[in-house]
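Comments concern the structure below.
Just so you know, these numbers come straight off a predicted model, no measurement behind them.
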Amino acid sequence: MGLNRNRTQSLWIHQARKQRLADGATPDFDEKAERLTGTLQPLEEKAAAEAYGEESAQRALLLTEDRRMLKEGTGVALEAEDECVFRIAAPPERWSTHQRAILKSI
């Protein structure tokens, strides 16, 4: 099973810099961006977050057939010249046909 090619879009990934602050500050990403083709699907967690009294963060699901190894902490931008609006929140899952990653808004 592959991705629906009509729904794919160009995204840009930025590797996280090694010197990240542990105090929850905005992550720092490399200036250099690599193009990635995939789909973004919103994940709705607002009701679950409110039930537990937690702050709701915008999350999305990234699906890509790109063979490049995605890593937790990598930044994702929607336009080549834009700043990252998402980061990969957990280690991506890999299958023979595609990769799946949960993104969290920054």
Side-chain angles (χ1 to χ4, degrees):
M1 175 181 117
L3 298 179
N4 181 344
R5 302 227 189 283
N6 295 332
R7 298 187 56 123
T8 60
Q9 66 187 76
S10 292
L11 305 165
W12 282 264
I13 56 174
H14 298 257
Q15 297 305 319
R17 291 190 177 152
K18 296 200 187 296
Q19 63 274 13
R20 292 182 57 184
L21 299 175
D23 62 2
T26 303
D28 193 17
F29 300 102
D30 285 339
E31 298 272 331
K32 181 182 169 196
E34 297 178 46
R35 187 175 173 271
L36 176 77
T37 301
T39 62
L40 284 179
Q41 300 173 4
L43 294 176
E44 183 57 52
E45 297 182 341
K46 185 175 182 177
E50 288 174 355
Y52 291 101
E54 297 175 358
E55 183 179 331
S56 176
Q58 181 181 0
R59 292 183 179 256
L61 177 66
L62 168 65
L63 299 171
T64 182
E65 292 178 332
D66 196 301
R67 298 279 182 211
R68 186 177 354 191
M69 296 290 266
L70 299 177
K71 295 184 274 185
E72 182 178 0
T74 300
V76 178
L78 303 179
E79 298 291 333
E81 64 277 355
D82 286 351
E83 292 184 19
C84 296
V85 292
F86 291 104
R87 68 174 174 78
I88 297 177
E93 298 172 351
R94 294 173 182 84
W95 286 277
S96 60
T97 57
H98 66 284
Q99 292 185 75
R100 175 184 184 266
I102 302 294
L103 306 180
K104 183 176 179 183
S105 65
I106 298 175

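Proximity of I88 to I102: side-chain heavy atoms (C-beta onward) are nowhere separated by under 4.5 Å.
In this structure, D30 does not pair ionically with K32, as no charged nitrogen and carboxylate oxygen lie closer than 4.0 Å.
Residues passing the side-chain contact (heavy atoms from CB on, under 4.5 Å) test with R94 are M69, P92, Q99, sequence neighbours excluded. Listed by chain and residue number, nothing satisfies the side-chain hydrogen bond (donor to acceptor under 3.5 Å, both in side chains) test with E79 (two or more places apart in sequence, or in another chain). Residues forming a side-chain contact (heavy atoms from CB on, under 4.5 Å) with R35 (at least two apart in sequence, or on another chain): S10, W12, T37. A90 meets the side-chain contact (heavy atoms from CB on, under 4.5 Å) test with no other residue; sequence neighbours excluded. Judged as a salt bridge (Lys or Arg N to Asp or Glu O under 4.0 Å), and not counting sequence neighbours, E83 has no contacts. Every side-chain contact (heavy atoms from CB on, under 4.5 Å) that Q9 has, sequence neighbours left out, goes to L11, L40, L78.
Smallest separation of non-hydrogen atoms from E72 and A89: OE2-O, 3.3 Å. Nearest heavy atom pair, residue Q15 against residue T74, reads OE1-OG1, 3.5 Å.
Between the CD1 atom in I106 and the CZ atom in R87 there is a gap of 7.0 Å [rounded to 0.5 Å]. From H14, atom NE2 reaches atom CD of E31 across 8.5 Å, with rounding to the nearest 0.5 Å.
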Derivation of the side chain to side chain contact (heavy atoms under 4.5 Å, CB included) call for T8 and E65: CA-CA 10 Å; T8 60; E65 292 178 332; over 6 Å; no

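A side chain to side chain contact (heavy atoms under 4.5 Å, CB included) with T39 is found for one member of L62, T64, L63 and no other, namely L63.
Taking hydrophobic clusters as Ile, Leu, Val, Met, Phe, Trp and Tyr residues chained together by side-chain heavy-atom distances below 4.5 Å, I13 shares a cluster with V85. The cluster map of Ile, Leu, Val, Met, Phe, Trp and Tyr, joined by side-chain heavy atoms under 4.5 Å apart, puts L36 and L103 in the same cluster.
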